[in-house]
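Here the structure comes first, spelled out in structure tokens, and everything after it is commentary.
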Amino acid sequence: MYDFKSIQEKWQEYYNREKPFEVDLKNAKKPFLNLMMFPYPSAAGLHIGNMYSFMGSDIYGRYMKLKGYDVYEPIGFDAFGIHSENYALKVGEHPAVLTPKSIEYFREKQLKKIGAIYDWKSEVNTSSPEYYKWTQWVFLQLYKAGLAEKRVSNVNWCPSCKTVLADEQVIENKCERCSSEVEKREMSQWFFKITKYSEKLLDNLDKIDWTENTKNIQRSWIGKSKGASIKFRLDGSQKYIEVFTTRPDTIYGVTYIVVAPEYKNLEQLIKPEIKKEFELFEESVRKMDMATRTSIKREKNGIFTGSYAVHPLTGKKIPVWIGDYVIADYGTGAVMAVPAHDERDWVFAKKYDLPIKKVIECEDSQLPYTEYGVMISSDKYTQTKSLDFIENVGSVHPDFEAQTNFHLHDWCISRQRYWGPPIPVIYCDHCGTVPVREEDLPVMLPQTKDYIPDGSGKSPLAKNEEFINTVCPKCGRPARRETDVSDNFLDSAWYFLRYCSPNDDKKAFDTELVKKWYPVGMYIGGNEHANLHLMYSRFITMALHDLGYLPFEEPFSSFRGHGLILKDGAKMSKSKGNMINPNDYFETHGVDCLRTYLMFMGNFLEGGDFRDSGMDAIQRFLNRVWDIASLPEGKCSDSVKTKMAQTINRFSYSIENMKYNAAVACLMEFSNEAVKESCMERSVVVDLAKMLAIFAPFIAEEIHLMKGGKGTVLNAGFPSGYEKYLESASIDLPVQINGKMRGIISVPKGLDSDALLCLLKENERFRSILEKPVKKVILVKDKIANIIM
RNA sequence: GCGUGAGUGGCGGAAUUGGCAGACGCGCUGGACUUAGAAUCCAGUGGACCUUAUAAGCCCGUGUGGGUUCAAGUCCCACCUCGCGCACCA
């Protein structure tokens with residue numbers, strides 16, 4: 001038994017005092033930036049999910065360090081925003097007072113204890129004026145580039161958080177954070193034009209080394225769909241309705257047009273005689289909550305406008321309907337209905353007895369038939385293939401145009417809250433909207449007691465006359481400040497760039513250092529941020545690239561999204577009372593044990609199931625390593641060195657492929673062998689400690705020191721020099737007969753099949769089997785043999 | 001519904017990518033130590049059959065059903081179940 005408590009305290013203290021993982025950013029020879037998603041310093045401290053994420057990342061960083069890279073592992077705090085603010089409101093303390101306290105606790109009581117190789121001189125805090133000055137600077141760059149725009153729009157409003165939410169923050173029409181039903185409100189808001197980058201955000205995914213799952217989440221969020229826009233002229237008018245469709249090949253099957261109840265030019269379509277009916281309809285739609293409105297199972301409702309459109313190819317009159325199943329802000333807010341080949345149109349047509357015309361070859365029983373196929377009843381296009389028609393849709397008719405649509409929406413960054421960076425814009429009666437001058441940054445968030453949102457739709461800052469009243473930077477006349485703050489996701493969309501020069505008060509980031517250290521070598525975090533944080537970070541990076549600030553478009557060369565932790569097979573939640581507090585285990589089992597167990601309990605990329613019995617197992621393992629290190633020094637057997645050689649290979653392979661559980665397993669396997677020895681060579685013990693140091697730093701440092709090592713074990717180099725123990729003259733060759741395993745035979749290396757047969761015939765076990773004639777021998781050299789009889 | 005990932009002992013999970021399935025660990029069983037327990041250590045542990053028993057042997061086994069191959073957890077086709085993402089996106 002070793003005293004894990006005193007050893008962990010000793011080395012925690014050493015890390016603090018000696019700072020062995022501080023990096024000379026300018027002069028590093030083999031730079032490797034190892035990034036983890038920085039935490040929100042809210043609630044009761046670092047939870048086990050943070051711990052899991054950080055450890056998975058730190059293990060990668062430690063491995064790279066052992067391999068000789070100059071690993072830069074920075075950490076910081078995502079301290080602005082609604083998480084911290086809501087927590088402050090909940091406990092009734094001012095966020096400007098509470099947040100520093102939370103950070104202090106996170107840093108001193110948790111992050112400094114977990115044995116990570118953080119470089120503490122790099123700490124970033126998004127809520128400090130030194131940081132948010134540059135968040136505001138980022139806003140100004142985007143504004144100047146025409147990528148930021150204020151516009152009135154229907155936005156998601158959370159009545160509980162009393163602020164707008166980005167589309168991405170709305171999950172099944174509920175607020176991502178508090179699960180309240182989200183409302184729609186028409187408000188004037190600042191938007192970033194992320195949609196300008198839709199195509200690039202999608203295409204670049206093919207070029208970056210990210211977990212496939214994460215890329216898929218991004219792809220489906222961007223939601224590219226190719227199709228055509230088609231203009232339908234209104235009967236007896238010069239006006240037209242433009243529709244978007246992915247199936248222009250079904251154009252001859254259009255029997256009516258449907259527009260959304262919120263369609264822009266609806267007034268002109270409604271004939272006077274149905275005006276009353278429409279008002280009733282509109283009211284019923286408006287009354288519906290969003291969850292009902294967008295439920296896929298809900299019955300579709302609609303009314304006829306009284307207007308007709310003209311089919312661009314046949315010239316036939318077709319009725320224009322209003323349908324509550326059509327979404328106003330996707331495509332053009334209007335669709336051509338082809339009931340024979342679209343399920344929604346089919347249901348709607350059946351309900352309102354609208355005509356159905358089949359134009360893709362299929363059995364009547366297959367309707368609605370939504371596959372591609374061969375066009376029929378389509379004039380000169382009859383017998384044309386769907387895909388051929390779609391391919392050439394641009395040349396069909398002047399009113400047809402090939403078009404691509406994206407699901408991705410522009411990013412609404414306005415928040416009517418207190419705890420964020422004020423958006424650096426001034427409104428002047430003479431000059432209009434004027435950006436704050438860069439030299440006037442930061443626009444300080446005022447220290448005020450009046451920070452609680454009142455639900456008026458305005459930020460608490462709107463009541464602060466001292467803050468609002470300013471002078472116009474252009475004309476010097478009295479003007480008013482923007483009172484909204486920016487979205488928390490803007491803080492975290494560029495924080496990684498700040499890490500290389502966190503104290504620079506002249507610029508947001510140092511171009512030379514950025515060139516040297518970025519893009520990020522490895523970014524590890526949870527997939528809960530796959531849409532929001534990663535997409536926004538990529539967008540900001542692309543924008544800064546196009547503005548000439550960055551030499552790359554993609555911020556993270558490699559990203560790994562890890563899985564979730566369960567507790568005894570169940571999801572963790574406060575209501576179930578099965579939360580894990582990492583700090584508890586620092587005392588009962590030790591940090592080394594917790595780190596190692598978190599990585600051992602399952603495949604890191606898929607998550608794992610936390611069980612206390614597993615913690616005990618790791619403690620036994622660490623004790624065993626301690627026993628090995630405590631063996632008398634002296635020559636150990638060659639078989640242990642052969643095992644070490646195999647272990648080193650398996651270990652490297654496992655870590656590089658992020659199979660941390662397998663890496664721990666092979667160290668256990670080695671220990672089970674090694675503990676049987678009566679003596680152990682110093683170098684073997686040290687090499688074991690080096691590999692163990694990746695998971696269990698403190699015990700490894702202590703063993704390294706005990707065996708005469710200086711400084712941190714991570715500087716001692718990756719284990720090497722065992723190759724010769726793999727070069728034995730003979731090997732164990734598995735032998736199959738007709739594809740079935742029949743035994744293992746020890747043979748010289750590089751044996752050919754004739755020699756193998758001779759050996760087998762001499763072998764007790766195989767002699768009788770080989771009396772029958774051999775048809776064929778398949779020999780994969782030194783790996784396996786299969787004798788076909 | 002669409003997309004995507006995954007189904008391996010009683011359990012968590014390995015299997016270096018087509019070559020000894022079940023590594024490693026939990027749990028369980030037996031043993032050692034102990035007055036006793038806890039802790040620790042040692043051994044065994046996928047299932048059936050054969051055998052008095054052991055050793056040995058033999059058959060079956062990676063969600064289901066087919067296929068490719070000398071060889072399939074791994075590749076191909078169809079299906080079932082679960083997780084995740086998107087979802088009235090036209």
Side-chain angles (χ1 to χ4, degrees), chain A residues 1 171-172 211-225 227 243-247 250 258 293-298 300 323-327 329-338 341-345 347-348 370 405-407 527-528 530-531 561 563-564 566 568-569 597 600-603 605-618 620-621 623-624 627 649-650 652-654 656-657 659 661-672 675 732-744 765 775-780 783-788:
Chain A
M1 285 287 273
I171 313 289
E172 287 171 353
T211 25
E212 211 45 48
N213 182 24
T214 314
K215 290 202 217 180
N216 284 329
I217 291 171
Q218 296 232 328
R219 284 194 188 101
S220 67
W221 190 258
I222 294 167
K224 179 175 180 170
S225 70
V243 302
F244 174 74
T245 178
T246 55
R247 293 299 301 273
T250 60
V258 199
R293 173 83 193 271
T294 52
S295 162
I296 195 160
K297 292 173 197 117
R298 183 180 58 84
K300 299 170 189 6
D324 60 1
Y325 70 99
V326 176
I327 294 172
D329 40 331
Y330 183 77
T332 57
V335 301
M336 58 181 225
V338 186
H341 304 292
D342 183 279
E343 277 171 42
R344 295 152 303 184
D345 298 340
V347 174
F348 195 78
T370 58
N405 258 336
F406 293 91
H407 179 184
N527 268 321
E528 68 272 17
N531 262 344
L564 293 175
L566 304 177
D568 300 317
Y597 178 59
F600 179 70
M601 67 185 184
N603 182 322
L605 299 180
E606 284 156 30
D609 188 7
F610 193 102
R611 291 164 191 225
D612 288 344
S613 59
M615 286 290 294
D616 298 339
I618 298 295
R620 279 195 286 275
F621 162 61
N623 275 324
R624 174 164 297 192
D627 290 344
N649 289 343
R650 275 183 62 194
S652 302
Y653 173 85
S654 302
E656 279 160 28
N657 291 283
K659 297 171 185 230
N661 52 345
V664 175
C666 80
L667 294 184
M668 287 175 167
E669 225 178 300
F670 175 81
S671 303
N672 292 344
V675 78
D732 292 332
L733 188 78
V735 179
Q736 303 180 330
I737 308 290
N738 291 333
K740 298 220 159 113
M741 269 303 299
R742 282 298 178 263
I744 292 166
R765 166 117 177 72
K775 276 194 202 137
K776 199 175 172 187
V777 177
I778 288 148
L779 178 67
V780 182
K783 212 162 188 189
I784 199 164
N786 193 1
I787 317 291
I788 312 304

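Every chain is numbered from 1 and lettered A, B, ... according to where its sequence line falls, protein lines coming before strand lines.
- Of the candidates B/A90, B/C24, B/C59, B/C59 carries the atom nearest the A/Arg742 side chain, counting heavy atoms from C-beta on.
- When heavy atoms are screened at a 4.0 angstrom cut-off, A/Val347 is found touching no nucleic acid atom at all.
- OP1 or OP2 of B/A14 has at least one side-chain nitrogen or oxygen of A/Asn661 nearer than 4.0 Å.
- Comparing B/A23, B/C60, B/A90 against the side chain of A/Lys740 picks out B/C60 as the nearest.
- Among the heavy atoms of the strands lying under 4.0 Å from A/Arg650 is at least one base atom, whether or not backbone atoms are also near.
- Contact check for A/Leu667 versus A/Glu669: no side-chain heavy atoms found under the 4.5 Å cut-off.
- Between the A/Thr332 side chain and the A/Ala334 main chain, a donor and an acceptor come within less than 3.5 Å of each other.
- Looking only at atom types and distance, the side chain of A/Arg219 has a donor-acceptor partner in the side chain of A/Asn216 under 3.5 Å away.
- Remark: A/Asn786 CG to A/Met741 CE distance equals 10.0 Å, nearest 0.5 Å.
- You'll find that the side chain of A/Asn672 is closest to B/C24, out of B/C70, B/C24, B/C59.
- Between A/Asn603 and B/A14 there is a side-chain N or O to OP1 or OP2 distance below 4.0 Å.
- One C1' atom belongs to B/U40, the other to B/G57, and the distance between them is 39 Å to the nearest Å.
- Among B/C70, B/A21, B/G12, the nucleotide with an atom closest to any side-chain atom of A/Met741 is B/A21.
- Annotation: B/G1 and B/A48 have their P atoms spaced 40 Å apart (nearest Å).
- Set against B/C11, B/A15, B/G19, the side chain of A/Val780 has B/G19 as its closest nucleotide.
- Toward the 5' end of RNA chain B, the nearer of the two residues A/Gly739 and A/Lys783, judged by each one's closest nucleotide, is A/Lys783.
- By the rule that a glycosidic angle within 90° of 0 means syn, B/U34 does not qualify and counts as anti.
- The A/Arg624 side chain lies nearest to B/C42 when the options are B/C24, B/G27, B/C42.
- Side-chain atoms of A/Tyr597 never come within 3.5 Å of backbone atoms of A/Ala617 as a donor-acceptor pair (strictly under, hydrogens ignored).
- The distance between atom CG of A/Asp612 and atom P of B/G27, rounded to the nearest whole Å, is 11 Å.
- The separation between A/His341 atom NE2 and B/G1 atom P is 21 Å, rounded to whole Å.
- In this structure, B/G5 is classed as anti because its glycosidic torsion departs from zero by more than 90°.
- In this structure, A/Gly607 and A/Ser225 both approach RNA chain B, and ranking their closest nucleotides by distance from the 5' end singles out A/Gly607.
- With distances taken from any side-chain atom of A/Ile778 to the nucleotides B/A90, B/C24, B/C70, the minimum falls on B/C70.
- Across the C1' atoms, B/A71 and B/G19 are found 7 Å apart, a figure rounded to whole Å.
- Among the heavy atoms of the strands lying under 4.0 Å from A/Phe600 is at least one base atom, whether or not backbone atoms are also near.
- The CG atom of A/Asn623 sits 11.5 Å away from atom OG of A/Ser671, with the distance rounded to the nearest 0.5 Å.
- In the set B/U16, B/A15, B/G25, B/G25 carries the atom at the smallest distance from any side-chain atom of A/Ala617.
- Note that OG1 of A/Thr250 and CG of A/Asp342 are 8.0 Å apart. Values are rounded to the nearest 0.5 Å.
- Residue-level contact check: A/Glu669 touches the backbone only, with heavy atoms under 4.0 Å from sugar-phosphate atoms and none from bases.
- With rounding to the nearest 0.5 angstrom, the CD1 atom of A/Ile787 is 9.0 Å from the CD1 atom of A/Ile778.
- As judged by a 4.0 angstrom heavy-atom cut-off over every strand, A/Asn623 is placed among residues making no nucleic acid contact.
- As rounded to whole Å, 11 Å separates atom C1' of B/G10 from atom CZ of A/Arg611.
- In this structure, of B/C24, B/C58, B/C11, it is B/C24 that holds the atom nearest to the side chain of A/Ala665.
- Annotation: side chain of A/Arg624 is in contact with side chain of A/Asn672 (closest heavy-atom distance under 4.5 Å).
- To the nearest whole angstrom, the two C1' atoms, one in B/G5 and one in B/U54, are 47 Å apart.
- Between A/Ile618 atom CD1 and B/G25 atom P the separation is 9 Å, expressed in whole Å.
- Using a 4.5 Å heavy-atom cutoff, the side chains of A/Asn738 and A/Lys775 are not in contact.
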What string of B, S and - do you get for nucleotides 78-87 of chain B, 5' to 3', if B is base contact, S is sugar-phosphate-only contact and - is no contact with any protein heavy atom under 4.0 Å? ------SSSB

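- B/A14 sits 13 Å from B/G9 when the C1' atoms are compared, rounded to a whole Å.
- Summarising the geometry, the separation between CD on A/Glu606 and P on B/A6 is reported as 7 Å, rounded to the nearest angstrom.
- Look at CG on A/Asp324: it is 18 Å from P on B/A90, rounded to the nearest Å.
- Separating the CZ atom of A/Arg620 from the P atom of B/C41 is a distance of 6 Å, rounded to the nearest angstrom.
- Contact annotation: A/Tyr325 side-chain N/O to B/A90 OP1/OP2 distance is not under 4.0 Å.
- Under the 3.5 Å distance criterion, with hydrogens and angles disregarded, no donor-acceptor pair is assigned to the side chains of A/Asn405 and A/Ser225.
- Base pairing in RNA chain B yields stems of at least 3 consecutive Watson-Crick or G-U pairs, both distances under 3.5 Å, namely B:1-7 with B:80-86, B:10-12 with B:24-26, B:27-32 with B:40-45, B:63-67 with B:75-79.
- The CE atom of A/Met668 sits 6 Å away from the C1' atom of B/G25 (whole-angstrom rounding).
- Contacts of A/Lys775 with the nucleic acid, taken as non-hydrogen atoms under 4.0 Å apart, are absent.
- B/C20 sits 31 Å from B/G31 when the C1' atoms are compared, rounded to a whole Å.
- The same atom, P, is picked in B/G18 and in B/G7; the two are 16 Å apart, to the nearest Å.
- Ring geometry, A/Phe348 versus A/Tyr325: the interplanar angle falls from 30° to 60°, so the pair is classed tilted.
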